[in-house]
Amino acid sequence: MNELQKSLILESSSRFLIPQGVKVSYGTAGFREDASILSSTVYRVGILAALRSLKTQSVIGVMITASHNKVSDNGVKIADPSGGMLSQDWEPFADELANAPSPQQLLQLITEFVEKERIPFDGVRPAEILLGRDTRPSGEALLEAARQGVTSIVGAVASDMGILTTPQLHWMVRARNKGIKASEQDYFEQLSNSFRCLMDLIPTGQSKCDGMNDKLVVDGANGVGGAKLQILHKLLNVLDIEVRNSSQDEGVLNDGVGADYVQKEKVAPRGFGSKDAGIRCASLDGDADRLVYFSVPPESNAPIDLVDGDKILSLFAVFIREQLSFLNEKEDIKNFDKSRLGIIQTAYANGASTNYLKHLGLEVNLTPTGVKYLHEKAADFDIGIYFEANGHGTILFSETFIEWLEVRSNKLSSGSKEAEKAALRLLAVSKLINQAVGDALSGVLLVEVILKHMGWSIHRWNELYHDLPSRQLKVKVADRTSVVTANAETVVVRPPGLQEAINAETAKYTQGRCFVRPSGTEDVVRVYAEASTQEAADTLANCVAKLVDQFLG
Ligand SMILES: CC(=O)N[C@H]1[C@@H](OP(=O)(O)O)O[C@H](CO)[C@@H](O)[C@@H]1O
Ligand SMILES: [Mg+2]
């Protein structure tokens, strides 16, 4: 870095001094705090993104959002060249950068890091960053802070992509780096074209299941997803979709609305009630990277039927498996190895879903909580389907498998129509479903077309298996980092004795399963328990929460 560069960083960072006593950390969802204290953090993430772009010689994304959190919060995260999350080995540097107390210390950190990572400055492609934000009122000023961070690196270019869903920004970054068309319009066109292709491939004469309803009502969490879905809806012109809670004119962002609320509280979002009984409903979160479905019972106080991420995963798995079986029927492609389809869940997946998927003969893998782990594991397969129970997930297709499908779909003779259609369907799914991150908009379209393909109502879908009753609790402890887990967070290895005590308690319950882990986003230890009845799941969770308290105080 030359002197001009150094003075530019010193000069611009003096406009973004960090508030006294604030310490931030780049967690599973990037930095997330009250918006009023975030401008220096976001400014510094702008610098980080520019450095990442120089290092990788690729386009990098910066998304300003706090997802399902309250409207006064905001946050910022980086999209790597693949469109996925920031590489984990840069996270510690993100923390150091964001917490450097003064402009001089910030400059020193950057200088050392640039040397250590051998980040090229001269004679290389300049940094290029795509900036996006959700609908939060604090977003505009924070985006400006990010822009100033980016442009404090000489030659770096920041493009403001405007108000977007998180998955749209990730999609654009991925598309740009693949050299394909990457505007928002291109995103909508890719989704709508591949959706239409799947609609055209629905078996003719597909009968409708009893109670199958053509209408879908979507709760947009008063966030960014509702308006974007309306655009898609207009483009498609074939689906009957009504969007409610689609902007902050209709109510407060994420307040009694949205996928996180619906999934955690198991109640209908604001604006939905017994008038919607029997209708297929869905809920997006504030930045539209989570999706759950539900239906409202006719009685006003009864709980909703929640169709969560595990069940969306199961629906996708059933469909993909069916297409693979059509392909496998063809003699000349018998060598297709079934193990190439992998299912990825976390320990929070309902045990009934895991059993169901295993009974289908599928390979189910568990990873620790957090999209980055699920995504990474899914990329090991030709088709990897991952979902968190909360509704974040997608389907990844490997490049080699896509090429294989393209060749096969051309090769198949007219005598093998089903196999040809199956190959075309899988290719269309790979274009419809976001390959960068979980995306509620592409998720809605894929669910809708699969239900039509199967001729299933939401009730038929929900009957794939019955969730085991479960309970989640949070325990405040002195130091949550003193809980250390192994085996995808299913076993506690520290403090000693805690796992044995959990085992002894769990053994008392039919179909009992229980685990504890430190949250990555809140200062708590989470307890999850499952058992054959709700009462038993509650008791197990409460007993184990007491154990956590006894061991950790
Ligand atoms: C039980 C649960 O829902 N955990 C959530 C939550 O993580 P915790 O580490 O449990 O706080 O936030 C993550 C980021 O949004 C999400 O990936 C994850 O599923
Ligand atoms: Mg979100």
Side-chain angles (χ1 to χ4, degrees), residues 25-32 63-71 73-77 79 84-86 132-136 164-170 219-226 228 253-254 257-266 283-292 306 308-310 313 344-350 366-376 386-394 434 436-441 443 470-476 480-481 483 485 488-490 515-530 541:
S25 142
Y26 199 94
T28 15
F31 293 110
R32 207 170 275 185
M63 181 69 197
I64 295 165
T65 176
S67 182
H68 56 279
N69 292 101
K70 56 184 191 291
V71 65
D73 285 352
N74 215 327
V76 60
K77 58 183 165 191
M85 311 290 253
L86 173 68
R133 62 181 175 102
D134 69 15
T135 53
R136 281 160 212 272
L164 296 173
T165 72
T166 296
Q168 281 185 312
L169 194 267
H170 285 257
D219 156 35
N222 295 320
V224 60
K228 302 294 183 188
L253 173 70
N254 298 330
V257 293
D260 190 63
Y261 174 75
V262 171
Q263 191 247 345
K264 295 249 158 59
E265 307 295 329
K266 297 197 173 72
S283 190
L284 320 177
D285 76 336
D287 63 337
D289 64 354
R290 286 195 198 174
L291 169 70
V292 296
L306 176 70
D308 63 1
D310 301 337
L313 186 158
I344 330 293
Q345 299 189 305
T346 72
Y348 289 103
N350 195 281
L366 280 199
T367 71
T369 306
V371 173
K372 59 190 172 192
Y373 301 112
L374 290 134
H375 192 96
E376 190 178 27
Y386 75 84
F387 261 87
E388 291 194 305
N390 61 31
H392 185 111
T394 193
N434 197 319
V437 281
D439 181 341
L441 299 187
S470 67
R471 176 63 59 203
Q472 261 196 67
L473 294 176
K474 300 179 193 182
V475 188
K476 269 260 171 218
R480 75 186 201 278
T481 60
V483 179
T485 62
E489 306 177 320
T490 54
F515 66 93
V516 306
R517 56 175 280 277
S519 160
T521 61
E522 283 176 69
D523 190 17
V524 294
V525 169
R526 293 195 201 280
V527 175
Y528 177 91
E530 232 172 56

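Quick caveat, the model's predicted, so the values are computed rather than measured. Counting convention: from 1, in listed order, for ligands and their atoms alike. Start at 1 with the first residue, then count along the sequence.
Formation of a donor-acceptor pair under 3.5 Å by the Arg526 side chain with backbone atoms of Gln472 is not found in this model. The closest donor-acceptor contact from the side chain of Asp289 to the backbone of Pro167 lies at 3.5 Å or more, if one exists at all. No donor-acceptor distance shorter than 3.5 angstrom exists from the side chain of Ser519 to the backbone of Val524, with no hydrogens or angles considered. Although no hydrogens or angles enter the test, the distance criterion places no donor-acceptor pair under 3.5 Å between the side chain of Glu388 and the main chain of Gly393.
When side chains are defined from C-beta on, Thr166 does not count as touching Asp134, because their heavy atoms never get closer than 4.5 Å. Residues Lys70 and Asn254 are not in side-chain contact: their nearest non-hydrogen atoms beyond the backbone lie 4.5 Å or more apart. Pro368 is not listed as a side-chain neighbour of Arg517, based on a closest heavy-atom distance of 4.5 Å or more.
Within ligand 1, the atoms closer than 4.0 Å to a non-hydrogen atom of Gln472 are 1 (C), numbered from 1 in the order shown. Within ligand 1, the atoms closer than 4.0 Å to a non-hydrogen atom of Arg517 are 8 (P), 9 (O), 10 (O), numbered from 1 in the order shown.
Checked against a 3.5 angstrom limit, the closest N/O atoms of Arg32 and ligand 1 fall outside it. The shortest N/O to N/O separation between Gly370 and ligand 1 does not fall below 3.5 Å. By the 3.5 Å distance cut-off applied to N or O atoms, Tyr348 is not counted among the residues near ligand 1.
Atom 1 (C) of ligand 1 is approached by the protein to below 4.0 angstrom, counting heavy atoms only.
Of the inter-residue distances, the one linking Leu366 atom CG with Glu489 atom CD reads 10.0 Å to the nearest 0.5 angstrom.
One option in Thr521, Thr369, Val524 has a heavy atom closer to atom 18 (C) of ligand 1 than any other, and that option is Thr369. Among Arg290, Glu388, His392, the residue whose heavy atom lies closest to atom 15 (O) of ligand 1 is Arg290.
Residue contacts with ligand 1 for Lys474 are absent, since no atom lies close enough (heavy atoms, distance under 4.0 Å). Residue contacts with ligand 1, taken as heavy atom pairs separated by less than 4.0 Å, involve Asn390 solely via side-chain atoms from C-beta onward. At a heavy-atom distance under 4.0 Å, no atom of Tyr528 approaches ligand 1.
Annotation: side chain to side chain contact (heavy atoms under 4.5 Å, CB included) contacts of Ala259 (sequence neighbours excluded): Ser283, Asp285, Arg290, Val292. Residues satisfying the ring-ring contact (aromatic ring centres under 6.0 Å, His included) test with Tyr348, not counting sequence neighbours, are Phe515, Tyr528. Applying the ring-ring contact (aromatic ring centres under 6.0 Å, His included) rule to His375 yields the partners Tyr386; only residues at least two apart in sequence or on another chain are considered.
The Mg ion (ligand 2) has Ser67 OG, Asp285 OD2, Asp287 OD1, Asp289 OD1 as its protein N, O or S neighbours under 2.8 Å.
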